[in-house]
Asks: 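Take this structure first; my questions come after.
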Amino acid sequence: MKDEKLQKALARMGLGSRRQMEEVIKSGRVTVNSGPATIGDRVEQGDEIRVDGRQIKYTAENEKRRRVIAYYKPEGEVCSAKDPEGRPTVFERLPKLTHDRWVMVGRLDINSTGLLLFTNDGEMAHRLMHPSNEITREYAVRVLGEVTSEIARTLTAGVMLEDGMAQFEDIKEGGGEGVNKWYHVKLKEGRNREVRRLFESQGLKVSRLLRTRYGTISLPKELRTGRFLELDKKDINTLTDLVSLRPRYGTGLHGAAKEKQERIKNKPLKARRSDNRNDSRSNSTKPKSSASPASRGTRNTRDRSNNNSNKR
């Protein structure tokens, strides 16, 4: 049996969405082994695929090198490939791929910061996000007000939101002064604005939200805002083990790429924030000391987002 459907293969190689590729095939612009292609054709290693006469190098998905990158999302970037309002997106600073594409694992809203994972393995991304696999996400959250022991019990027992029951797996104090307190929370799903909505259900407002871990991957201490690091074989395999995927040959970093990554770890690149490109907020002051409790066990506070946020 051949490897995969043609439109899926073309989409996976970064030529467009699956629906777009179906239209390209219907218009007669694609050939397989010198013959006209049709919707539903299946392709495998060794087939000659051409789009508008240009040959596309095809590699079966289970043969290509599995790659994963960790990106430190700054406030102000949108989690989509393109934004109709022209706002910066998280994809703009990712390394370019040839005949392949990055798939985002989970989302963060425009006002949230922290760890985002991207992979070129669509099946891996799907499994890491699927609720049935219960992959743990961890956040540092600054809350306006105090989470009493009663509120903490309620949030871990479960709260009925507009889209169903939701709960934190764990909630711990993270310090802070005055009316702003930091908390570290864990949950096993990623519904829209779920962390914020859980706190709001108890009359509390989240002023900052930072994702510090997704599954087995924590936000690297050497990673600065607006930068990415590519994960090596060991870290990638711990993720695939979580979702019962077999390891692949060639996974991770090799040669010059591995050496470059080590140099970045030893001498981290400076932070880059999306708002530096758009408005005068880049001149705002550094965060006050009240941010420090969230950094314990995660990273230095000078790399946290320097803007106040009101939404997740």
Asks: Looking at E75 and R208, does any basic side-chain N land under 4.0 Å from a carboxylate oxygen?
Replies: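 So E75 does not pair with R208 through a salt bridge.
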
Asks: Determine, stepwise, if the pair E77 / Y71 fulfils side-chain hydrogen bond (donor to acceptor under 3.5 Å, both in side chains).
Replies: CA-CA 12 Å; E77 288 187 352; Y71 178 64; 2.7 Å; yes

Asks: Are there over 12 heavy-atom neighbours, none belonging to E169, within less than 6.0 Å of that residue's CD?
Replies: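 Yes - once you tally the heavy atoms of other residues, nucleotides and ligands closer than 6.0 Å, there are more than 12.
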
Asks: Distance alone, cut at 3.5 Å: any donor-acceptor contact between the side chains of R142 and S207?
Replies: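 Result is yes, a qualifying pair exists.
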
Asks: Tell me, please, which residues at least two apart from E23 pass side-chain hydrogen bond (donor to acceptor under 3.5 Å, both in side chains).
Replies: none

Asks: Working note: R67 + E230, criterion salt bridge (Lys or Arg N to Asp or Glu O under 4.0 Å); need CA distance, chi angles, decisive distance, verdict.
Replies: CA-CA 8 Å; R67 300 175 66 182; E230 186 157 352; 2.8 Å; yes

Asks: Looking at K64 and D100, is any side-chain nitrogen of the basic one under 4.0 Å from a carboxylate oxygen of the acidic one?
Replies: yes

Asks: Go through the structure and list residues passing side chain to side chain contact (heavy atoms under 4.5 Å, CB included) with Q45, not counting sequence neighbours.
Replies: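 Residues passing side chain to side chain contact (heavy atoms under 4.5 Å, CB included) with Q45: Y58, T59, A60.
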
Asks: Would you mind listing every salt bridge (Lys or Arg N to Asp or Glu O under 4.0 Å) that reaches into residues 156-166, with sequence neighbours excluded?
Replies: E162-R197, D163-R191, D163-R197

Asks: Would E48 and R50 satisfy salt bridge (Lys or Arg N to Asp or Glu O under 4.0 Å), going step by step from the backbone distance to the final call?
Replies: CA-CA 7 Å; E48 181 187 274; R50 291 182 180 272; 3.3 Å; yes

Asks: Step by step, would you call R248 with D121 a salt bridge (Lys or Arg N to Asp or Glu O under 4.0 Å)?
Replies: CA-CA 11 Å; R248 284 186 189 166; D121 183 347; 3.5 Å; yes

Asks: Looking at residues at least two apart in the chain, or sitting in another chain, which of them share a side-chain hydrogen bond (donor to acceptor under 3.5 Å, both in side chains) with E22?
Replies: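 By the side-chain hydrogen bond (donor to acceptor under 3.5 Å, both in side chains) rule, E22 matches no residue at all.
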
Asks: Taking side-chain hydrogen bond (donor to acceptor under 3.5 Å, both in side chains) as the test, write out the residues that go with R87, two or more places apart.
Replies: D83

Asks: Once ring-ring contact (aromatic ring centres under 6.0 Å, His included) is applied, do any residues pair with H130, and if so which ones, sequence neighbours excluded?
Replies: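 Once residues adjacent in sequence are excluded, the partners of H130 under the ring-ring contact (aromatic ring centres under 6.0 Å, His included) criterion are H126.
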
Asks: Partners of T38 by side chain to side chain contact (heavy atoms under 4.5 Å, CB included), sequence neighbours excluded?
Replies: D41

Asks: Check whether any side-chain heavy atom of L229 lies under 4.5 Å from a side-chain heavy atom of Q261, and answer yes or no.
Replies: yes

Asks: State, with a plain yes or no, whether a side-chain heavy atom of L187 is found less than 4.5 Å away from one of Q167.
Replies: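 Counting from C-beta outward, L187 and Q167 never come under 4.5 Å.
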
Asks: Kindly determine whether R127 and E123 satisfy salt bridge (Lys or Arg N to Asp or Glu O under 4.0 Å), including the steps that lead there.
Replies: CA-CA 6 Å; R127 294 194 187 190; E123 178 61 23; 2.7 Å; yes

Asks: Using the rule given for side-chain hydrogen bond (donor to acceptor under 3.5 Å, both in side chains), can you reason through Y139 versus R211, listing the C-alpha separation, both sets of side-chain angles and the distance that settles it, and then say yes or no?
Replies: CA-CA 4 Å; Y139 301 84; R211 183 151 68 198; 3.2 Å; yes

Asks: Taking C-beta and beyond as the side chain, do Q7 and I25 meet within less than 4.5 Å on heavy atoms?
Replies: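 Yes; the side chains approach each other to less than 4.5 Å.
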
Asks: Please name all residues satisfying side chain to side chain contact (heavy atoms under 4.5 Å, CB included) with E259, sequence neighbours left out, ordered by chain then number.
Replies: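 R263.
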
Asks: M104: what forms a side chain to side chain contact (heavy atoms under 4.5 Å, CB included) with it, not counting sequence neighbours?
Replies: C79, V90, F91, R107, L116, F118

Asks: List, by chain and number, the other hydrophobic cluster members for V179, where Ile, Leu, Val, Met, Phe, Trp and Tyr join if side-chain heavy atoms come within less than 4.5 Å, directly or indirectly.
Replies: L144

Asks: Which ring pair (Phe, Tyr, Trp, His ring centres under 6.0 Å) pairs, counting each pair once, include a residue from residues 150-170, with sequence neighbours left out?
Replies: F168-F199

Asks: Would a hydrophobic clustering, with Ile, Leu, Val, Met, Phe, Trp and Tyr connected at side-chain separations under 4.5 Å, put L242 with L219?
Replies: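 Yes, same cluster.
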
Asks: Can you list the other members of the hydrophobic cluster that holds L253, where links are side-chain heavy atoms under 4.5 angstrom apart?
Replies: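 None; L253 is a cluster of one.
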
Asks: So, are R193 and E200 salt-bridged, with charged N and O less than 4.0 Å apart?
Replies: yes

Asks: Say whether Y214 and R137, considering side chains only, have a donor N or O and an acceptor N or O under 3.5 Å apart.
Replies: yes

